[in-house]
Amino acid sequence: MSQDQHYSVLLRESIEALNIVEGGRYVDGTFGRGGHSNMVMQALNGSGHLQAFDKDPEAINVAGERFGDAANFAIHHGSFSEMLDVCGESSVDGVLLDLGVSSPQLDDADRGFSFMNDGPLDMRMNNAAGQSAAEWVATTEPEEMARVFKEYGEERFAKRIANAIAERRIEKAFLRTADLAKVVAEAHPRWEKHKHPATRVFQAIRIAVNDELGDVERTLEAAVQCLKPGGRLVIISFHSLEDRLVKRFMRDESRGPQLPKHVPIVAVETEGRLKLVGKAVKASKDELDENVRSRSAVLRTAERTNKS
């Protein structure tokens with residue numbers, strides 16, 4: 001696979017997990033370049049419908065080119081956390097969320113997500129709105145930077161790196177990805193094998209700039225409310241922070257209210273709003289051979305119960 005080609009991770013597995021009914025209504029919360037949406041559309045008939053979401057203006061353009069003439073397709077330019085407002089309660093048969101950054105975003109140096117190719121320090125999913133990574137680095141206090149690096153990047157040397165950035169920005173603002181990566185690398189005392197020392201810091205800044213974890217938390221609740229009984233929630237995560245949120249949410253929602261022992265109730269009264277479906281799924285060896293970025297992907301599935 002070439003670097004600029006988009007690869008839809010766990011494509012077959014995620015579509016199977018949705019358990020698509022050809023006349024059903026579905027949500028693709030992260031359109032990207034339309035790989036998952038295309039497979040959903042192929043499984044629908046004329047009475048089925050797909051509602052897609054994406055923050056990225058480029059993704060909106062691609063959706064228009066690919067599905068602009070389809071009467072049973074619509075895309076919303078905004079966060080997937082807005083799906084309840086767009087779709088309505090108990091209105092859809094399945095929600096698919098492919099979290100993280102798409103390959104085209106990573107590989108486009110002008111988007112500023114990666115330090116592998118120098119570009120403007122941006123990192124916004126919607127590069128036409130909000131605070132850029134350059135602005136975040138320029139204005140965030142060292143203590144807050146260190147917290148973000150530690151919590152969102154799981155970086156052991158967060159404080160040391162944050163102080164190095166704060167000291168350097170006094171002399172010259174950070175405007176380019178390569179410049180920031182160089183300062184982080186120089187401040188990092190212990191490089192991991194086969195991993196650039198700026199990897200964790202760049203991930204942390206991207207999560208902070210886009211409020212990714214907050215967005216996921218809001219979306220999980222919205223998705224459950226949007227699903228009809230029997231509808232599927234299928235989520236692909238790419239790092240441990242996302243997956244932990246998803247795993248905990250699905251687990252808690254499948255357990256229902258946790259009441260004291262010996263309370264005289266019947267089992268149906270403690271039923272949760274979700275029922276877990278199967279185990280976590282990871283990419284096959286064949287997929288890993290085609291796309292190394294699939295190595296961290298984890299797919300989890302749950303089904304909406306009748307519990308309100």
Side-chain angles (χ1 to χ4, degrees), residues 8 14-57 59-64 66-100 102 125-126 129 210-237 242 245-246 249-250 253-254 272-275 277 299-308:
S8 297
S14 60
I15 299 303
E16 287 180 358
L18 274 177
N19 196 28
I20 295 174
V21 177
E22 61 181 11
R25 292 173 53 84
Y26 293 87
V27 169
D28 182 354
T30 42
F31 179 84
R33 293 304 179 264
H36 290 102
S37 282
N38 184 54
M39 292 291 286
V40 174
M41 290 289 285
Q42 288 181 32
L44 298 177
N45 61 22
S47 62
H49 188 271
L50 176 63
Q51 174 68 57
F53 292 78
D54 211 294
K55 293 180 181 179
D56 187 349
I60 302 301
N61 292 335
V62 172
R66 295 191 67 173
F67 304 113
D69 296 330
N72 61 342
F73 174 86
I75 189 162
H76 175 75
H77 185 197
S79 169
F80 45 32
S81 64
E82 300 166 22
M83 73 172 70
L84 186 59
D85 293 332
V86 174
C87 300
E89 191 170 349
S90 301
S91 61
V92 301
D93 298 281
V95 174
L96 173 62
L97 303 175
D98 180 4
L99 306 177
S102 69
M125 299 290 187
N126 180 357
N210 295 287
D211 187 24
E212 290 180 29
L213 298 181
D215 227 15
V216 170
E217 286 182 331
R218 291 185 289 272
T219 301
L220 291 171
E221 177 59 34
V224 172
Q225 293 187 54
C226 282
L227 284 169
K228 300 175 183 176
R232 293 283 181 88
L233 175 59
V234 180
I235 304 178
I236 304 170
S237 306
E242 287 174 342
L245 274 178
V246 172
F249 180 84
M250 287 185 172
E253 288 295 334
S254 68
R273 295 187 298 171
L274 293 177
K275 176 178 68 175
V277 177
L299 182 149
R300 297 185 186 275
T301 305
E303 187 174 290
R304 186 71 164 93
T305 67
N306 292 307
K307 186 75 172 181
S308 60

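Below, all heavy atoms of this structure are taken into account, side chains as well, without hydrogens, waters or symmetry copies.
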Looking only at heavy atoms, what is the nearest atom pair of [X] and [Y], with distance?
X: Met250; Y: Leu233; result: CE-O, 3.8 Å
X: His36; Y: Ser14; result: CD2-OG, 3.2 Å
X: Val27; Y: Cys87; result: CG2-SG, 3.8 Å
X: Gly46; Y: Asn72; result: O-CB, 4.4 Å
X: Ser237; Y: Leu99; result: OG-CD1, 3.9 Å
X: Leu220; Y: Phe249; result: O-CZ, 3.6 Å

Residues [X] and [Y] bridged, charged N to O under 4.0 Å:
X: Glu221; Y: Arg273; answer: yes
X: Arg25; Y: Asp93; answer: no
X: Asp211; Y: Arg218; answer: yes

When you compare the side chain of [Y] with that of [X], does any pair of heavy atoms fall below 4.5 Å?
X: Ser90; Y: Leu227; result: no
X: Leu44; Y: Leu50; result: yes
X: Leu97; Y: Ile236; result: no

State whether the side chain of [X] and the backbone N or O of [Y] hold a donor-acceptor pair below 3.5 Å, judged by distance alone.
X: Tyr26; Y: Val21; value: yes
X: Asp54; Y: Gly32; value: yes
X: Arg66; Y: Arg33; value: yes
X: Ser254; Y: Leu274; value: no
X: Thr305; Y: Gly272; value: yes
X: Arg232; Y: Asn19; value: no

Nearest-0.5 Å distance, [atom1] of residue [X] to [atom2] of residue [Y]:
X: Lys307; Y: Glu253; atom1: NZ; atom2: CD; value: 11.5 Å
X: Met39; Y: Leu18; atom1: CE; atom2: CG; value: 10.5 Å
X: Ile15; Y: Gln42; atom1: CD1; atom2: CD; value: 9.0 Å
X: Leu213; Y: Glu217; atom1: CG; atom2: CD; value: 7.0 Å
X: Thr30; Y: Asp56; atom1: OG1; atom2: CG; value: 11.5 Å
X: Lys275; Y: Asn306; atom1: NZ; atom2: CG; value: 9.5 Å

Quiz item: Who passes side-chain hydrogen bond (donor to acceptor under 3.5 Å, both in side chains) against Gln51, sequence neighbours left out?
Solution: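 Testing Gln51 for side-chain hydrogen bond (donor to acceptor under 3.5 Å, both in side chains), a comparison that skips the adjacent residues, returns none.
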Practice problem: Apply side-chain contact (heavy atoms from CB on, under 4.5 Å) to Asp98 and Phe31, showing your working. | Solution: CA-CA 8 Å; Asp98 180 4; Phe31 179 84; over 6 Å; no
Quiz item: Do the side-chain N and O atoms of Asp28 and Ser37 include a donor-acceptor pair separated by under 3.5 angstrom?
Solution: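 Checked: Asp28/Ser37 side chains pair up, N/O donor to acceptor below 3.5 Å.
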Quiz item: Any chance NZ of Lys228 has more than 12 other-residue heavy atoms, nucleotides or ligands included, within less than 6.0 Å?
Solution: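 Yes - once you tally the heavy atoms of other residues, nucleotides and ligands closer than 6.0 Å, there are more than 12.
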Quiz prompt | Flag if over 12 foreign heavy atoms under 6.0 Å of CG, Asp69 | solution =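 12 or below, so no.
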Side chains of residues 73-84: which donor-acceptor partners sit under 3.5 Å, not counting sequence neighbours?
unit_1 : atom_1 : unit_2 : atom_2 : d
His76  : NE2    : Glu82  : OE1    : 2.6
His77  : NE2    : Lys55  : O      : 2.8
Ser79  : OG     : Ser81  : N      : 3.0
Ser79  : OG     : Ser81  : OG     : 2.8
Ser79  : OG     : Asp215 : OD1    : 2.9
Ser79  : OG     : Asp215 : OD2    : 2.8
Ser81  : OG     : Asp215 : OD1    : 3.2
Glu82  : OE2    : Ser79  : N      : 3.4

